[in-house]
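Heads up, the thing below is written out as structure tokens.
The sequence lines fix the lettering, A, B, ..., with proteins before strands; numbering per chain opens at 1. Since the model is a prediction, treat every value here as computed from it, not as a measurement. All values below come from the heavy atoms of this structure, side chains included, with hydrogens, waters and symmetry mates left out.
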Amino acid sequence: MNSPTKPFSGRKGFKLAFSGLSLLLLILVSVPLLRMILSADPEALRSAVADREVMDSIFLTLRAALWATVVCTVLGIPLSYLLARWNFRGKSLVQGLVDLPVMIPHTAAGIALLMVYGRSFFLGKALEEVGLDFVGTELGISLAMAYVSLPFLVNAARDGFLAVDPKLERVARTLGASPWQSFFRVTLPLAWRPVLSGGIMMWARGISEFGAVVILTYHPMTAPILIWERFQAYGLKYAKPVAVLLILLCLLIFALLRWLAEPRKEG
Amino acid sequence: MLRLEDISLNLGDFSLDRVSLEVRQGEYVVLLGPTGTGKTVLLETIAGINHPDSGTIYLKGSDVTHIPPEGRHLGVVYQDYALFPHLTVYANVAFGLKLKGMTRGEVDRAVREMARFLGIEHILDRRPRLLSGGERQRVALARALVLDPHMLLLDEPLSALDRLTRDRLRGELKRIHREIGVSILHITHDLSEAFFLADRLLIMKDGAIVQEGRPEHGLSRPKNRFVAELLGMENFIPAETGPEGGLFLRGLGICIPDPLQDSAKRPERFCLAVPSWAVDLFPVNENRDYLSRVDMRIVGLDRTESVMKVHLEHPQGARLTAILSWREVSGLPFPLESGKLVRVGLLGEGACWVPDD
């Protein structure tokens, strides 16, 4: 931990410049959202809440992203731990592979997914035969969301594991813990906040995903696709209440989860 | 208790080179070596965290080379103590007991008994973050000792502490060793810590044990200059074989008798090593039995809280350092100042020759 400081209060130029530039960026981010929320017509919002199609699509989006996050957390924790602790040949390749979905256009990712999980490829066909259909289903939405948002989870969890001193695990072993016990009693309890925080980021990224989802599963419609469709078909006036509703719901949930993941001061 | 035979391990930056050592039942062995010499790697290899490339580790007579750390029953205390930050002191100490499947009552009894022994009863509810260095060390010791380990492995356990706490806790380590009788392997780079605690001293350099012996014997005959320097010797005077098996000291231009009286084993190139406490200024001790007396000039003075270091130079080039207690300094009939010519006596006690490497 850094020791607290009380800097000399003269020469304010540096702090002022940095604060000013930061403020500019915060304005860039918050003004469009604020304008949208503040200009929302309460009547239109009420009717959006009452609109079955809107609420269904919002819940579908939240649910699909949640499933994607839960499954990827189970699979992603071992990978994150591996990247944090072990050195192996091709580690940078694996790390690059994890980051890849952030770089490629998500519509392209959607097409790549369609080519593997679609019926034209043996894997997609085989999975469909055992009841796992990824095209035009909620499962497909989760898959597309998972594919493009996984890096947020893996990278955050990896950094979380990196911050746990490996000596703690070694001491646990000398105290009689197996590698499993040392992981579940020492490592994970110390890294759960970054892992949860990565999960929240992944969920958020999944909810907002449009490109990959729209290629793999247009129907049933997730909220971002519904907003797009209303905007295309009826114009801004009809798209806006759905967008505002989605933003408000997301803000509420994320504020709650962030609060949970925030480290608190202990007595 | 513990026996290592030809343990080798290459970890890139650190390696162990055919290390063999033994710690006997109830013995306090200190492994002394400079930083970066592979001491921690060796300790973690004994603990089972590293797997050696070759060699065998015996614990209580059985081969444990391929047994993982959780099967070795060794207590490890690291320099920064590695307390689990998410657990209270109580839960830290109880960690290993719970893994053993003991009942809650048994765990509680064992934790409280150990806490009483180490004087940490009053901090059982606290988190490690809020403890002082000394308290952390006691908790780390309690966590290891409560499991009644075959032996304790201590990795520089006193280095992270301020001097007063360190002096108090090394006395505490001695008490624990005396009262519990547990065998201890303690690694350090600190000479006074090693001399204070060790029944036996091992000296390590570049991943290999270069010398071992009782602390008092280690001083009388270091194997080479590295060991002599590690043991605190500061004065090395280039020498050659003089008449009648004596030593001719270049730089002082004098002949002295061989302090070790062992001319047969002397290598071709060697120097005389003299501890700083064996260099006297006259008339501190006029009646002592000196190897030789020479006149030298004071070229520098360094003060510490307990001693004065006097740096001396001979016209023929030799440089020596003398250490005088403050009482000795105040007993001198002349003030110590740079440039002054003084008579210097070299004590045979503690002096020896070492190969000049």
Side-chain angles (χ1 to χ4, degrees), chain A residues 1-4 77 80-82 84-92 156-199 259-267, chain B residues 11-12 40-41 43-50 67-88 91-102 125-130 139-156:
Chain A
M1 206 200 323
N2 286 329
S3 54
I77 283 179
S80 318
Y81 185 75
L82 206 117
R85 278 289 182 271
W86 296 342
N87 286 316
F88 51 89
R89 204 189 287 261
K91 182 172 168 178
S92 52
R158 183 204 56 209
D159 291 347
F161 289 132
L162 271 175
V164 177
D165 187 349
K167 241 186 265 155
L168 297 175
E169 296 168 2
R170 294 179 204 164
V171 164
R173 297 288 305 279
T174 67
L175 294 170
S178 69
W180 294 95
Q181 287 170 320
S182 144
F183 181 78
F184 283 108
R185 286 176 188 237
V186 176
T187 319
L188 201 55
L190 284 170
W192 74 269
R193 282 187 206 280
V195 171
L196 178 63
S197 170
W259 178 75
L260 267 180
E262 196 78 5
R264 263 177 287 279
K265 281 194 179 140
E266 294 148 18
Chain B
L11 288 179
T40 300
V41 172
L43 187 121
E44 291 189 331
T45 307
I46 296 170
I49 289 152
N50 297 320
I67 291 184
E70 57 268 32
R72 293 195 187 186
H73 306 295
L74 296 170
V76 177
V77 175
Y78 280 106
Q79 179 174 2
D80 57 6
Y81 312 126
L83 299 178
F84 303 128
H86 59 304
L87 302 178
T88 60
N92 263 278
V93 180
F95 188 88
L97 298 171
K98 283 186 185 160
L99 289 171
K100 273 180 156 180
M102 289 167 73
D125 295 333
R126 291 208 213 145
R127 298 265 171 163
R129 196 165 52 84
L130 302 169
V139 176
L141 281 167
R143 184 176 64 178
L145 285 171
V146 79
L147 295 171
D148 193 17
H150 291 328
M151 67 180 291
L152 266 188
L153 305 172
L154 310 178
D155 182 7
E156 306 251 9

Residue pair B:F95 / A:V186, side-chain heavy-atom distance below 4.5 Å: yes
Closest non-hydrogen atom pair between A:L175 and B:A144, with its separation: CD2-CA, 4.4 Å
Minimum-distance pair of heavy atoms, taken over all atoms of B:H86 and A:R185: NE2-O, 2.9 Å
Heavy-atom side-chain proximity of B:P68 to A:R173 below 4.5 angstrom: yes
Region of B:R143 in contact with chain A, defined by heavy-atom distances below 4.5 Å: both
For chain A, the option from B:G75, B:P69, B:A140 that forms the most heavy-atom pairs under 4.5 Å: B:P69
pair A:L168-B:P85: side-chain heavy atoms closer than 4.5 Å: yes
B:L153 versus chain A, the contacting section by heavy-atom distance below 4.5 Å: neither
Spacing of B:Q79 atom CD and A:K167 atom NZ [to the nearest 0.5 Å]: 7.0 Å
Chain A interface, residue from B:L97, B:V76, B:V146 that has the most non-hydrogen pairs under 4.5 Å: B:V76
Taking every non-hydrogen atom, the tightest pair across B:A82 and A:V171: CB-CG2, 3.7 Å
Engaged part of B:I49 at the chain A interface, taking heavy atoms whose separation is under 4.5 Å: side chain
Smallest separation among heavy atoms of B:E70 and A:S178, with atom names: OE2-CA, 3.6 Å
